[in-house]
Structure formats: structure tokens, C-alpha cells
Amino acid sequence: MLNIVLFGPPGAGKGTQSEKLLAKYGLIHLSTGDLLRAEIKAGTQLGIQAKELMDKGNLVPDSIIIGMIDSKISNNPKANGFIFDGFPRTEVQAAALDELLQNKGTGITLMLSLQVEEKELISRLLERGKTSGRADDQNEEIIANRIKVYNDQTSVLVNYYEKQNKHVGIYGIGAIETIFDNLCSAIDKAAKTL
Ligand code: AMP
């Protein structure tokens, strides 16, 4: 299986590049942000609980996130692999993901981290907020908190995957196609060792 963590701060381009990667490699896209927004839309208890945290730009508890990912992986037993987008965001989530995949006889192939400067992230998120309908893309204070949460709690995961020799950094500013080509080169190289 080809299992990719597409990593980076909010606004780095994870969603855009995931769409292109899953089309090329036939993978299943698991975006925890999208899954949570679907729960909110459906008005579930989980959605109601998550919304309050998401509207402030804070993280949803690990147990909720891991439970969601566990059921999505189990529901797709014939998958060629997964693209994890916006997950893991904490070390607890990363360790849980390793365990879930290990139990299925597989693991993470590669962690690709999109690198984008903070000023660019803020302007991309505000621009997206004009059409995304997402409250957390429309307010500069919430955006600043999301970037702070990323820096404080999530960016350490680069070290987690670095230790496993699975981290590759990709510069995330420029033409979407160029960034996509660079991501594909890293994936193709890692896939050869599978
Ligand atoms: P995203 O769509 O990835 O930008 O996520 C939007 C929001 O959903 C985040 O600001 C968090 O509140 C929540 N969220 C998404 N994924 C996770 C995760 N893996 N762990 C905790 N909270 C998450």
C-alpha cells in the first residue's frame, strides 16, 4: 500500500494537492477537517462538540479524531492506499496511526511536508474565506490561532517522521503543477522501495 501523510500548516495547499495526487495514484483521501465538517453538516453530537473548537481554531480531541480515522480505514479494506490530509496533528495521533496501519500489515510510506511562509498562509486563507464559507478562514485572529496551534502542537511531527526516515520537505509556493511534480517525484522515489 502507498500511504502518504500530506503535511503542512493551514493554507499550505494540502487540499489542492491531495485532489491531484489521489487522481494520479488511485488513493483514498482522508481529510479529518472534511470529515469533521460533514459531521457538523449532519448535525451529529460529534459535530456539535467539534464545531465549538474548530470555530476558534483549536484542535479537536485526539480520541475523536483517531476513532474517525479508524472507522474510515476499516471501511476501505480494498484501498490501494490513503492520503492523510490534516492528520496526524499531534504525536498521539501519529502513534495511533502507525498502530492502526501496522495492524493491517502496512505503514506510512512517506510524509510530505509543504513549506510556506506565514505571510503567504494568511493571505491564502483570507482569500479562500471569501468563497469557502468557513468561519475559520474569515477572521484574522482565528487564522493566527490556527497557525500558532500548528507551530506549537503539530510542527513537531516533522521530527517524528524524520526519525523514521520518512520526511521529505517540499517548497509550497509557486505554480500548482510545479509543486505537484515535486511531490510526485518524491512519491515515485519512495514507491520504488515498497
Ligand atoms: P482543516 O480543514 O484541516 O484546516 O481543519 C479544520 C479544523 O478542524 C482544525 O482547525 C481543527 O479544529 C479541526 N481538525 C482537523 N483535523 C484535526 C486533527 N487531525 N486533530 C485535531 N483537530 C483537527
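Counting starts at 1 for both ligands and their atoms, in listed order. In this chain, numbering begins with 1 at the start of the sequence shown. The structure presented is a predicted model; accordingly, all values stated were derived computationally and were not measured.
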Aromatic ring proximity Phe82/Phe87, centre distance under 6.0 Å: no

For atom 13 (C) of ligand 1, closest protein heavy-atom neighbour: Leu36 CD1, 3.6 Å

Spacing of His29 atom NE2 and Lys14 atom NZ [to the nearest 0.5 Å]: 9.5 Å

Shortest heavy-atom approach to atom 1 (P) of ligand 1 - which of Met68, Arg89, Gln153: Arg89

Separation between CD1 of Ile187 and CG of Asn182, rounded to the nearest 0.5 Å: 11.0 Å

Minimum-distance protein heavy atom relative to atom 4 (O) of ligand 1: Arg134 NH2, 3.2 Å

Any Arg37 heavy atom less than 4.0 Å to ligand 1: yes

Proximity of Ile65 to ligand 1 by residue part, where a heavy atom lies under 4.0 Å: side chain

Atoms in ligand 1 flagged as close to Thr32, the criterion being non-hydrogen separation under 4.0 Å: 15 (C), 16 (N), 17 (C), 18 (C), 19 (N)

Give every donor-acceptor pair under 3.5 Å between a side-chain atom in residues 110-121 and any protein atom, sequence neighbours left out.
| residue | atom | partner | partner atom | Å |
| --- | --- | --- | --- | --- |
| Ser113 | OG | His167 | NE2 | 3.3 |
| Glu120 | OE2 | Arg124 | NE | 2.9 |

Residue Gly33 vicinity, atoms of ligand 1 by number, heavy atom under 4.0 Å: 2 (O), 5 (O), 15 (C), 16 (N)

Proximal ligand 1 atoms for Met54, defined as those under 4.0 Å from one of its heavy atoms: 7 (C), 8 (O), 12 (O), 13 (C)

Ligand-residue contact atoms, ligand 1 with Gly86, heavy atoms, under 4.0 Å: 16 (N), 17 (C), 18 (C), 19 (N)

With Phe180 via ring pair (Phe, Tyr, Trp, His ring centres under 6.0 Å) - residues at least two apart: none

Polar side-chain atom of Asn58 near backbone of Met54 as donor-acceptor pair, under 3.5 Å: no

Subset of ligand 1 atoms that lie under 4.0 Å from at least one heavy atom of Asn58: 11 (C), 12 (O)

Check ion pair Lys166-Asp98 (N to O, under 4.0 angstrom): no

Atoms in ligand 1 with a heavy atom of Gln93 nearer than 4.0 Å: 18 (C), 19 (N), 20 (N), 21 (C)

Proximity flag Lys14 to ligand 1, non-hydrogen atoms under 4.0 Å: no

Any side-chain heavy-atom pair of Ile65 and Leu36 under 4.5 Å: yes

N or O pair under 3.5 Å between Phe87 and ligand 1: no

Distance from atom 22 (N) of ligand 1 to nearest protein heavy atom, with residue and atom: Val60 N, 3.1 Å

Inter-residue atom distance Thr106.OG1 - Gln102.CD, 0.5 Å rounding: 10.0 Å

Note: Lys20-Glu177 ion pair, threshold 4.0 Å (strictly below): yes

Enumerated ligand 1 atoms positioned under 4.0 Å from heavy atoms of Arg146: 4 (O)

